[in-house]
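For reference, the structure discussed in these notes is given below.
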Amino acid sequence: MTVEQLVARQGEGVGRRRASRRAAEPRAEAPARRAPVARGPETPVARPDESPAVRAGLPPVPGAARPARPAGGSTAAPEVQPGLPPLPALQPGLPPVPAADPVPAPLLPAVQAGLPPVPGSSGASLWAPAERPSRRSGPIPPLPGLSVPPAPPVERPTRAEARPPRSPGRRRAVRVATALVALLGIVVLYHLALYFYVDQRIDRVDALATDGPEVLAPELQDAAETYLVVGTGVPGQTGAASVATLVASVSAEGDRAVLVSVPPTAMIDTPVCRTPDGDLRNPVTEAFASSLLDGGPACMVRAVQQLSGLRIDHYLGVDLAGLPTMVDALGGIPVCVIPSEATAAAAEPPPAGPSQLTGSSAAGFLAPGDTGTDVTGAAVAERAQRLLTSTLRGAMSTDTLLDPVALATFLNRASDSLTVDDQTTLGDLRELAGSLGDLSGDAVQRAGLPVAQVGYVPAGTDEAYVVLDAPATRSLFDTVIDDTRLPAEVLEAQRAAQTAASQAAEAPQPAPEQPAGPPPLTAAPGEITVDVLNGTATTGLAGTVADALRAQGFGVGTVGNEEGTVNETVVRFGPGAEEQARTVAAAVPNSVLRPSDAVGAAVQLVIGPGYSTVVPVQVGGPVAVETASQPAPVDPQREPETVSC
């Protein structure tokens, strides 16, 4: 409370007391003007004759004086001042007119005691009520007739009402699109489910050893991807010859690849490895194919890394006997056949150029012929790679993906024929097939390992090996590791061989010279016992040749199959058995004599490609020499032109 409010309240109390006294005392005239006297705040003093006015049935009104009653009990009439209207009489039960507030002395002329101020006088402002703290008023309601009525709400149409109605053609198109989307979703889900189903069905082996100590310069091989593709069950072959191996290294950019075939009978050193049973296998010197047949995929991976220094990132094993069934599941596959030594070495080579292979024709393309040119197994490995790549690309074609029956059949057969490592997926195989299929020309370089000797038979064994040229092999793999390319000397040697072959085909054939006759034979067939071994893909050929030799009087010992690979018919003999070997060679035309310390004093006939028959021999007489028939002249116009697919 402020000082001004306190003073105003005290002034109101003083004014009410004065007004009550004026009302009780009759005045004849207005009091004279008096000088203002400064007064302090007065304390109201209660008087016995002043009591608050009481209304009938109501509490007394503070500040109102009870009127004095005459002795007779009648109500006194109100005082009338001259020149002024009479005051209203007090009515019973109504409150009296409140007394006027005291007016300061200077303003007394303008205010009459007990009366309201005269309008227009300067003291009118003194009758204003005491100031109170202002309050924030609420909203003011609009005046009737002056407020603007609110605008009616605007109804906006919904999206469905705003769009125009669809035409029948549009509704039909929407239904067709919805059906196509649903069908596409079903197809995608089907392919995903089939993918995961086949991915789980494929046989997986723990074959990789990416951190093996035999890996050279692993930091140079981080970006490249190296695949070991192993084909087993080559049609018509058994033992080591039934394995075809290819090392495929793809550059980091995917713009070039190197394919190197490893002879199955190459003599290599296999480091310590773990067999599929979990047992450790000690280091051993053996034929390359034996690392797989006797040790398993992990041992072959370690053998390749020991030989090449490459890090094998993916292992892919293919049962080549099931590859023709995969081709039949696709309804045939397109293959680009380029005339080469590998194609010519096939049992049933397809025509040059674009060709459509069925399952049976694919089996004939895989099987080796009897020409004896594929001693190292490079030709069959190349044919298997071309056929496998074409098969995988055919499985990824649009026609196959849109045919659920053909796709499911192919994947089921592929899952039965494929074996991969734990980290390789179907996506990796698709990447390999896509990389090798998209590259052409010089972007894909092929080579076999350099060979120093073929048909080597170590002491203490009767198995023939292929001996690799160690310095040339090391140089080849070092270039592959550094730049994913073949050495320049290997490429030059390939181009020189192709040039020589083309020149030999164009050159006229000279007349054959009559060879000098060999010395007469001294050992009779009845004095000779010979072992007959089959080194070809013809089943039962060793038994047939053994019967023919018995008919000529020869004694026959062991009859079986040759574990190694030969490119011609060979007659092996030990020390002191040269004359007996000459008689056997005379009975089998086109055979070659080869001394060996591994057979002792025995004589072995290994039937190779080019075998024809057994002929009778004459002891003491000249040896019959069978000359090869003169080949027909080559017609230059019939030479195959450059094939492009």
Side-chain angles (χ1 to χ4, degrees), residues 224 226 244-251 253-263 266 308 310 335-346 349-354 368-369 371-386 389 435-454 466-510 567 631 634-645:
T226 303
T245 308
L246 194 71
V247 180
S249 181
V250 183
S251 64
E253 297 79 10
D255 57 347
R256 60 186 183 277
V258 175
L259 307 180
V260 180
S261 61
V262 183
S308 63
L310 290 169
V335 176
C336 179
V337 180
I338 300 177
S340 63
E341 294 182 359
T343 303
T371 58
T373 58
D374 191 19
V375 180
T376 62
V380 67
E382 179 179 342
R383 295 195 304 271
Q385 178 267 320
R386 290 185 181 275
T389 301
S435 299
L436 299 183
D438 296 337
L439 300 178
S440 60
D442 295 337
V444 178
Q445 298 176 350
R446 304 173 184 271
L449 291 183
V451 176
Q453 183 180 352
V454 177
V466 172
V467 180
L468 300 176
D469 187 346
T473 300
R474 184 70 268 150
S475 175
L476 185 149
F477 283 120
D478 287 344
T479 307
V480 174
I481 293 174
D482 292 339
D483 199 24
T484 320
R485 298 181 188 275
L486 291 176
E489 56 269 18
V490 175
L491 298 177
E492 289 293 336
Q494 291 178 354
R495 285 192 286 267
Q498 293 176 358
T499 302
S502 60
Q503 291 177 354
E506 296 176 358
Q509 298 293 332
N567 59 345
V634 178
D635 187 358
Q637 297 182 354
R638 294 184 180 179
E639 292 181 4
E641 300 179 356
T642 302
V643 176
S644 60
C645 300

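Atoms CG and CD, on Leu476 and Glu489 in that order, are 8.5 Å from each other to the nearest 0.5 Å. How far CG of Leu246 is from CD of Glu382: 8.5 Å, rounded to the nearest 0.5 Å. Rounding to the nearest 0.5 Å places OG of Ser249 at 8.5 Å from CD1 of Ile481.
Scanning both residues, Pro351 and Val337, for their nearest heavy atoms gives O-CB, 3.4 Å. The two residues Ala379 and Ala345 make their nearest non-hydrogen contact at CB-CB, 4.0 Å. In plain terms, the two heavy atoms of Ala381 and Ala244 that are nearest each other are CA-CB, 3.9 Å. Considering every non-hydrogen atom in both Ala443 and Asp255, the closest pair reads CB-O, 3.6 Å.
Looking only at distances, no side-chain donor or acceptor of Arg383 sits under 3.5 Å from a matching main-chain atom of Pro349. Judged by distance alone, with hydrogens and angles left aside, the side-chain atoms of Arg485 form no donor-acceptor pair with the main-chain N or O of Thr479 at under 3.5 Å. No donor-acceptor pair under 3.5 Å is formed between the side chain of Ser475 and the backbone N or O of Pro471. Side chain of Gln445 to main chain of Leu486: a donor-acceptor pair is present (N/O by atom type, distance under 3.5 Å, no hydrogens or angles). Looking only at distances, a side-chain donor or acceptor of Gln494 sits under 3.5 Å from a matching main-chain atom of Arg446.
In this structure, Glu253 has no salt bridge (Lys or Arg N to Asp or Glu O under 4.0 Å) partners at least two apart in sequence or on a different chain.
For the side chain to side chain contact (heavy atoms under 4.5 Å, CB included) criterion with Pro263, the lone passing option out of Val467, Val454, Leu449 is Leu449.
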